[in-house]
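Structure record follows, encoded as C-alpha cells.
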Protein chains: 2
Amino acid sequence: MKTYETSDEEKKFFAGYDLTKYDRPSVAADVVVFSVMKDDECKDVRRLQEKKLKILLIRRGGFPYKGCWAMPGGFCKKGEDVIDSARRELCEETGIDDAYVKLVGVYGEPGRDPRGWVISSTYMALMNARACHLKAGDDAQDARWFTVELTDVSTEMSGAGGHSVNEMSTKVSGTGEEIVKNEDEASRKVQNEKRYRLVLKDADSDIKLTAVLRRTDMSSCGRSSDSYDIEECEGLAFDHARIITEAVLGLREDVRRDMKLAFDLLPERFTLTELQNVYEQIWDMELTTPNFRRKIAEYVEETDAYQAGERYRPAKLFRRRTDVR
Amino acid sequence: MKTYETSDEEKKFFAGYDLTKYDRPSVAADVVVFSVMKDDECKDVRRLQEKKLKILLIRRGGFPYKGCWAMPGGFCKKGEDVIDSARRELCEETGIDDAYVKLVGVYGEPGRDPRGWVISSTYMALMNARACHLKAGDDAQDARWFTVELTDVSTEMSGAGGHSVNEMSTKVSGTGEEIVKNEDEASRKVQNEKRYRLVLKDADSDIKLTAVLRRTDMSSCGRSSDSYDIEECEGLAFDHARIITEAVLGLREDVRRDMKLAFDLLPERFTLTELQNVYEQIWDMELTTPNFRRKIAEYVEETDAYQAGERYRPAKLFRRRTDVR
DNA sequence: GGAATAGTGTCTTTTAGACAGTATTCA
DNA sequence: TGAATACTGTCTAAAAGACACTATTCC
C-alpha cells in the first residue's frame, strides 16, 4: 500500500483528531473450516467408505455458551488485516498456513454476543485433511470434525408450504389504459421463504448438533439480501448455526461456479473417483461418472502413479493442471 | 434473534468482563452505489442515447483525502447491524431505503486510513436512477454519478505479458517411478496475475478519475483469495479504487449467476431493449437480440403499456415476473 | 416510401445428461 | 472364475449462438 502524504495543514487536523472518541465494536475473525475425510473409527458395522464433507468445531471451555460448539476464531489484532487474523486463527488451530480462504459474511446483529458489541467477519477455508494437524489441546481444548448435512425442508414444514409465491394481478389487460403507473412498485417485490435443517455429527463421540433456519429472501435474489432466523438450535454457540448454513450454501455455489475450488480439499494427487466424491458431498447429489469425467478433464492431468492398497483395480492418480484458468 | 439465557455463575463472569480492555477498530460501512442512466447534458455532438452503468461518488470536503472522491459511507453505530448502517448511509444520500444491498468485502489493511485503525465493510447497492434523489448538499457536498469503465489490460502491460503461467515439469514419465511424492506440493500452486484499468468519468464536469490495479490470484481461484495492489490512482480516496474494482467484478459475476439482479437497476416497467442494454453495460459486451430475448423470456411478463415519446416504433413495456425463482 | 428501431423463425454448434458397455485387478 | 471397481463410447436432449427475416412506427 502506498504511503499517504500529509501536508502541514493536514498534520494539524490529525493532531486534534481522535477516532477513539466514538463507540467502537470488537471485531472477530471466525472461520468455517471445510475438509473431506472418512469416519475412520466408524462404530457401525456397515462400511462407509466414502469421505464426507466436514467442518471443524471447537468446544467452548468458558462463558458465554460454555460447553457449546463454535467455529475457530478470535479477535482481530491491530496492525493485521481481518483476513490475516482469520488465517492466523486457522493456522493456530490446524497448522495450515496456505489454505484457500474466502469471505462468507459480516455478522453484527445487536445481541448476537452477550459480552457486548462484537462484529464477526467470517471466512471459509478449504483444506486437505491429510495435511492438517489439530492443535494438541493446550487447555484441554476439544476440537472435532463434524459431518455436515444441510437440507431444504421448506415443503415439509409449517406455513402454506413451498415457495409462498406472491400471486398477484399479473394481467389486467383489456382496459385500454396505456399510462404507466408507479403506484404498486413496492408491492411487486419478490418475497421467498425457505427453511433449512442443519445437522452436524461427530461419529466418534456421537455428538449431534442441530438447527433449523428460516431464510427470507427479499427483493430479487442473490445470497445476501436475505435475512436468516434461527428457529431451533441445539449445541451451537452464538449465531454460528446461521453462519455455517450460509457458508455451506456459499460453498455449494462457489464450487458450482468454479469447479477447481474442490482441489483445495484434496491432496496433490487423487483418483477421479475421489474427486467425483468431493463434488457429490458438496452438492449432496450423485453424479454420473462418464459425464463427470468429460467435464473435469480440462482441469486435471494424469500422473504416472496409481492408487495402492485398495481391494480391486487400482485407479490412476491425477493432479490439477496448473496451466488452465 | 433469541435472547440469551444467563445462569448466576455466568452473570458473575460477565460482571468482571470488559471487552473494551482490548484494542478495537472503528468500523465503517461503505457502499458502491450502482445505477444505469443517460449522460443527459452530453456536451459532445454525437448522440449517446444508451444508458451507462454509473456509480455514485462524493467529493470529500475534509481531511484526509480532502478534495478526492469517495464512496458514500460512514461509521457504524452501536445497536445497528453493519448492513443496516450501509442502508442508512445509502438512504441519507439517495432517499432510497429498499435497494438491493450485498456485501462486497471487508477491508482492514493496516494503513488504509491515515486516521487510524478503520475497517471498512463494503456493500454494493443496485438502484433505479429515476427513484433516486441525491441529497441537497447540506455542507456544499458534491455528489455525482460517474460512468464506470473497467478493462483488463494484462496483455498490454509490463512483465512477461499475459497470464504468466507456471510451466512446470508436467510429465516426467518413463521413469517407472510409481511412488507418490509430496515434495513439490507447494510449488504447484497456481499463480496468476492480472492488471485492470479503472476509469470513472463525470460528463458534466469533465472530471476523470483513473486507477490501475494489479491482482495476484494465489491458490486456486475464486474472487477472494487474491490480493490487490493499487499501482496508480488519480483522485480516488483511501483504497476505494481497489474496492470499486472488486465491486464491479463482483457485479459482473453476480449478474451472470442471476440475471434477475438487473431488474433492480430499472424502473418497474421497461422495454426489452433497455433491459438488454443493462446487461451489455454490466458485462461490457454486445448481446444478440433474439438470443437475449429467448433467455430473458422466463423472467419477464408483458404489460399493456407501450413506451412513448420515442422517434420510431414504440416498444412494448415489460415487468419482472414475481412468480419465478 | 425511407429510416430507424421492434420483434421473430430457424439453423448450427456446444454442452449436459442417460446409459450400455469394456477393462483390470484381487481373492 | 466372480466380485468389485475403473474407465470409455455413443446416443439424446437441452441450451447457447448465429443470422436472416418480418413488423411497426414516425417523418
Side-chain angles (χ1 to χ4, degrees), chain A residues 38 46-51 178 180 252 255-260 262 266 269-280 282-319 324-325, chain B residues 38 46-51 178 180 252 255-260 262 266 269-281 283-319 324-325:
Chain A
K38 286 185 200 164
R46 64 188 164 88
R47 302 200 48 166
L48 275 179
Q49 270 298 0
E50 282 184 333
K51 292 183 177 183
E178 309 276 83
V180 179
R252 285 180 183 171
V255 173
R256 206 165 283 283
R257 191 172 51 235
D258 180 11
M259 293 189 72
K260 295 190 297 307
L266 287 173
R269 291 166 200 238
F270 46 80
T271 69
L272 294 185
T273 304
E274 286 173 327
L275 184 58
Q276 180 175 340
N277 177 245
V278 171
Y279 295 101
E280 291 178 333
I282 291 171
W283 293 329
D284 194 25
M285 65 184 291
E286 294 199 338
L287 304 177
T288 59
T289 307
N291 302 336
F292 168 73
R293 289 184 178 218
R294 188 180 23 181
K295 179 85 178 165
I296 207 70
E298 59 175 315
Y299 304 119
V300 298
E301 63 192 17
E302 287 184 16
T303 67
D304 297 326
Y306 285 82
Q307 186 186 43
E310 288 302 320
R311 292 161 302 172
Y312 303 107
R313 175 177 174 182
K316 184 163 277 194
L317 292 176
F318 286 74
R319 61 182 177 188
V324 80
R325 254 240 65 80
Chain B
K38 287 185 198 162
R46 63 189 162 89
R47 304 199 46 164
L48 277 179
Q49 271 298 358
E50 283 184 334
K51 292 184 176 183
E178 309 276 82
V180 179
R252 286 179 184 173
V255 173
R256 207 167 281 283
R257 191 170 54 235
D258 180 10
M259 292 190 73
K260 294 189 298 306
L266 288 173
R269 291 164 199 239
F270 46 81
T271 69
L272 294 185
T273 304
E274 285 172 326
L275 185 58
Q276 180 175 341
N277 177 246
V278 170
Y279 295 102
E280 292 178 332
Q281 292 298 318
W283 294 330
D284 193 25
M285 65 185 291
E286 293 199 338
L287 304 176
T288 58
T289 307
N291 301 337
F292 169 74
R293 290 185 176 217
R294 188 178 26 180
K295 179 85 180 166
I296 207 70
E298 58 175 316
Y299 304 118
V300 297
E301 62 192 17
E302 286 185 15
T303 68
D304 298 325
Y306 286 82
Q307 185 185 45
E310 288 302 319
R311 292 161 301 173
Y312 304 106
R313 175 179 174 180
K316 183 162 279 194
L317 292 176
F318 286 74
R319 60 181 177 188
V324 81
R325 253 239 67 80

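Chain naming here is simple, since letters A, B, ... match the order of the sequence lines and numbering starts at 1 in each.
Straight-line distance from the OH atom of B/Y312 to the P atom of C/dA3: 10 Å, rounded to whole Å. Look at CZ on B/R313: it is 11 Å from C1' on C/dA4, rounded to the nearest Å.
With a heavy-atom cut-off of 4.0 Å to chain B, the contacted part of DNA chain D has its first and last nucleotide at D/dA16 to D/dC26.
Side chain of B/Y279 to main chain of B/M259: a donor-acceptor pair is present (N/O by atom type, distance under 3.5 Å, no hydrogens or angles). No donor-acceptor pair under 3.5 Å is formed between the side chain of B/E302 and the backbone N or O of B/K316. At least one donor-acceptor pair under 3.5 Å links the side chain of A/R252 to the backbone N or O of A/I282.
Here B/Q307 pairs with nothing under the side chain to side chain donor-acceptor pair (under 3.5 Å) rule; sequence neighbours left out. Among residues two or more places apart in sequence or in another chain, the salt bridge (charged side-chain N to carboxylate O under 4.0 Å, His left out) test is passed with B/K295 by none. In this structure B/D284 satisfies the side chain to side chain donor-acceptor pair (under 3.5 Å) test with no other residue, sequence neighbours excluded.
A/T273 is listed as a side-chain neighbour of A/R293, based on a closest heavy-atom distance under 4.5 Å.
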Per-nucleotide protein contact along nucleotides 9-18 of chain C, 5' to 3', at a 4.0 Å heavy-atom cut-off (B base, S sugar-phosphate only, - neither), is B------BBB
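Across all non-hydrogen atoms, the minimal contact from A/L275 to A/F270 is CD2-CE1, 3.8 Å. Pairing each heavy atom of A/T303 with each of A/F318, the nearest pair is CG2-C, 4.1 Å.
Across residues 270-277 of chain B, not one residue has a non-hydrogen atom less than 4.0 Å from an atom of DNA chain D.
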* Asked: Checking side chain to side chain contact (heavy atoms under 4.5 Å, CB included) for the pair B/Q281/B/N277: CA distance, chi angles, key distance, verdict?
  -> CA-CA 6 Å; B/Q281 292 298 318; B/N277 177 246; 3.6 Å; yes
